[in-house]
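Whatever order the structure lists them in is the order used to number ligands and atoms, beginning at 1. Residue numbers start at 1 and run along the sequence shown. Small disclaimer: the values here were computed from a predicted structure and weren't measured.
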Amino acid sequence: MKVLVVGGGAREHALCWALAASPDCSTLWCAPGNAGIAEIAELQPIAAEDVEGLVAFCQEHRPDLVVIGPEAPLVAGLANRLTDLGLRVFGPSAEAAILEGSKGFMKDLCAKYNIPTARYGRFKDPVEAIAFARQLGGPVVVKADGLAAGKGVIICLNAEEAEAAIDATLRKGRFGTAGEEVVVEEFLEGEEVSFFALCDGRSALPMASAQDHKRVFDGDHGPNTGGMGAYSPAPIMTEDLGRRVMREIIEPTVAGMAAEGRPFRGVLFAGLMIEPDGTPKLLEHNVRFGDPECQVLMLRLETDLLKVLLAACEERLSDITLKWSPDAAIAVVMAAEGYPGAYESGTEIQKLEAAATVEGATLFHAGTRRAADGRLLAVGGRVLSVCATGSDLAQAQARAYEAVDRIDWPEGFCRRDIGWRALGRT
Ligand code: AMP
Ligand code: GLY
């Protein structure tokens with residue numbers, strides 16, 4: 001089978017790595033990919049957001065399966081266009097990707113189908129938004145409705161901060177068109193966990209649990225990022241809680257989307273808050289794999305990923321059983337100094353080969369590129385996911401940091417405490 005993966009991050013490297021291992025995969029393309037993906041797939045220099053370019057490539061090469069990694073092309077309708085060509089596509093249509101593309105849509109779906117989430121209001125008018133924030137009282141969260149590259153969520157400790165956030169979003173246009181409407185919602189306390197379910201429009205199949213570290217610095221300090229590290233399994237997600245999340249959040253979402261005429265096919269990534277009494281509440285839905293959560297899931301998945309994704313495309317997920325390694329997996333993100341703010345591009349990374357020989361270690365690339373002379377350059381904010389498996393999380397963590405310490409990249413940094421919540425529990 002000929003497979004095309006769309007995207008160029010460590011998430012897509014992990015997907016390519018798992019797909020390349022399938023005996024049914026004869027050709028693997030990745031657009032645009034990165035220097036690490038180039039070692040296992042044929043790169044196509046087409047940006048993930050270039051819908052026309054990707055459609056033209058697919059028309060010519062007719063892949064048997066297209067796997068779309070990031071949210072932007074999904075929200076822009078890439079899956080619709082490729083489905084229209086008669087291709088199998090793993091990833092939701094634009095009508096279903098609106099679950100991530102509009103936070104207001106997601107909240108209204110929750111209200112209509114009784115899915116537990118924070119109390120909220122949707123506003124275009126700043127005066128009404130501010131009045132609602134005051135009425136909620138205490139800390140509130142202000143969210144730009146549309147896609148804002150993970151930056152559109154502002155946590156406000158009091159009414160004054162909420163007013164400033166609403167002003168910046170609705171009056172000053174801080175998030176452009178993504179912020180022409182806001183969701184103002186109640187602040188939820190608890191522990192966050194990522195929940196992934198594969199969906200085929202009708203049924204949903206839960207994946208193994210994973211937890212992310214969104215803040216940039218150790219101890220969960222500093223600004224939010226796309227994710228600085230992840231591990232799987234996440235001990236907070238017990239079997240009972242997993243069943244409850246399926247029953248109260250995932251299944252009503254899949255049924256609700258089908259009832260709305262927007263069947264969801266692809267991976268549903270629910271960002272959950274587990275409240276102190278154990279109640280799971282939905283913070284947000286994403287319509288793609290998390291990055292870096294995908295990396296740790298792929299390291300633990302023992303079932304052939306190509307078979308699984310094909311089943312999701314063909315409404316056959318109910319025939320699939322996923323098998324997971326009992327090992328723990330961890331991903332430590334190495335980013336360019338300055339991320340998530342401004343950072344330097346083009347610095348050299350060395351000694352990845354030495355890092356890769358650490359027992360259990362696997363390196364996934366994100367923002368990397370080969371210079372004409374063969375040197376490996378960092379060309380993004382998040383640059384590498386240094387991953388490892390081990391018989392438990394402590395062993396996986398020790399191996400991942402041993403690999404990190406072998407890498408020679410003075411302009412890079414990482415958190416040193418990935419896994420702390422889970423390790424603190426045991
Ligand atoms: P989102 O992009 O909606 O996941 O929001 C980014 C981050 O903001 C989440 O991962 C949470 O840490 C935090 N957040 C979002 N909504 C809430 C909420 N209602 N209560 C507490 N924290 C929230
Ligand atoms: N790691 C969180 C995300 O991919 O949005």
Q: Report yes if the distance between the aromatic ring centroids of Phe195 and Phe269 is under 6.0 Å, otherwise no.
A: no
Q) Aromatic rings Phe364 and Trp17: how do their planes relate, parallel, tilted or perpendicular, breaks at 30° and 60°? A) perpendicular
**Q.** Spacing of CZ belonging to Arg122 relative to NZ belonging to Lys143, to within rounding of 0.5 Å
**A.** 13.0 Å
(Q) Test of understanding: with side-chain hydrogen bond (donor to acceptor under 3.5 Å, both in side chains), list the residues that count as partners of Glu239, not counting sequence neighbours. (A)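 Testing Glu239 for side-chain hydrogen bond (donor to acceptor under 3.5 Å, both in side chains), a comparison that skips the adjacent residues, returns none.
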Which atom pairs, nitrogen or oxygen on both sides, join ligand 1 and the protein at under 3.5 angstrom?
residue	atom	partner	partner atom	Å
ligand 1	2 (O)	Glu284	OE1	3.1
ligand 1	3 (O)	Lys143	NZ	3.3
ligand 1	3 (O)	Glu284	OE1	3.3
ligand 1	4 (O)	Glu284	OE1	3.1
ligand 1	4 (O)	Glu284	OE2	2.6
ligand 1	10 (O)	Glu192	OE1	2.6
ligand 1	10 (O)	Glu192	OE2	3.4
ligand 1	12 (O)	Glu192	OE1	3.4
ligand 1	12 (O)	Glu192	OE2	2.3
ligand 1	16 (N)	Lys143	NZ	3.0
ligand 1	16 (N)	Glu185	OE2	3.4
ligand 1	19 (N)	Glu185	OE2	2.7
ligand 1	19 (N)	Glu186	O	3.0
ligand 1	20 (N)	Leu188	N	2.8

Ligand-side contact atoms (ligand 2) for residue partner [X], heavy atom cut-off under 4.0 Å:
X	result
Gly226	1 (N), 2 (C), 3 (C)
Gly290	4 (O)
Asp212	1 (N), 2 (C)

Q: Please examine the side chains of Pro139 and Asn158, heavy atoms only from C-beta on, and report whether any two atoms are closer than 4.5 Å.
A: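 The answer is no, as the side chains (C-beta and beyond) never meet within the 4.5 Å cut-off.
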(Q) Heavy-atom pairs closer than 4.0 Å: do any link ligand 2 to the side chain of Glu293, the backbone, both, or neither? (A)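 Near ligand 2, Glu293 shows its side chain, while the N, CA, C and O stay back.
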Q) Side chain or backbone of Glu284 under 4.0 Å from ligand 2, or both, or neither, by non-hydrogen atoms? A)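 No part of Glu284 comes within reach of ligand 2.
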Are [X] and [Y] close enough for a salt bridge, meaning some N to O gap below 4.0 Å?
X	Y	result
Arg288	Glu12	no
Arg244	Glu248	yes
Lys103	Asp108	no

Q. Hey, are Glu191 and Gln211 close enough side-chain-wise for a donor-acceptor pair under 3.5 Å?
A.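 The answer is yes; a qualifying pair exists.
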Q) What about Lys214: any of its N or O atoms under 3.5 Å from an N or O on ligand 2? A)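 No, there is no polar N/O contact under 3.5 Å.
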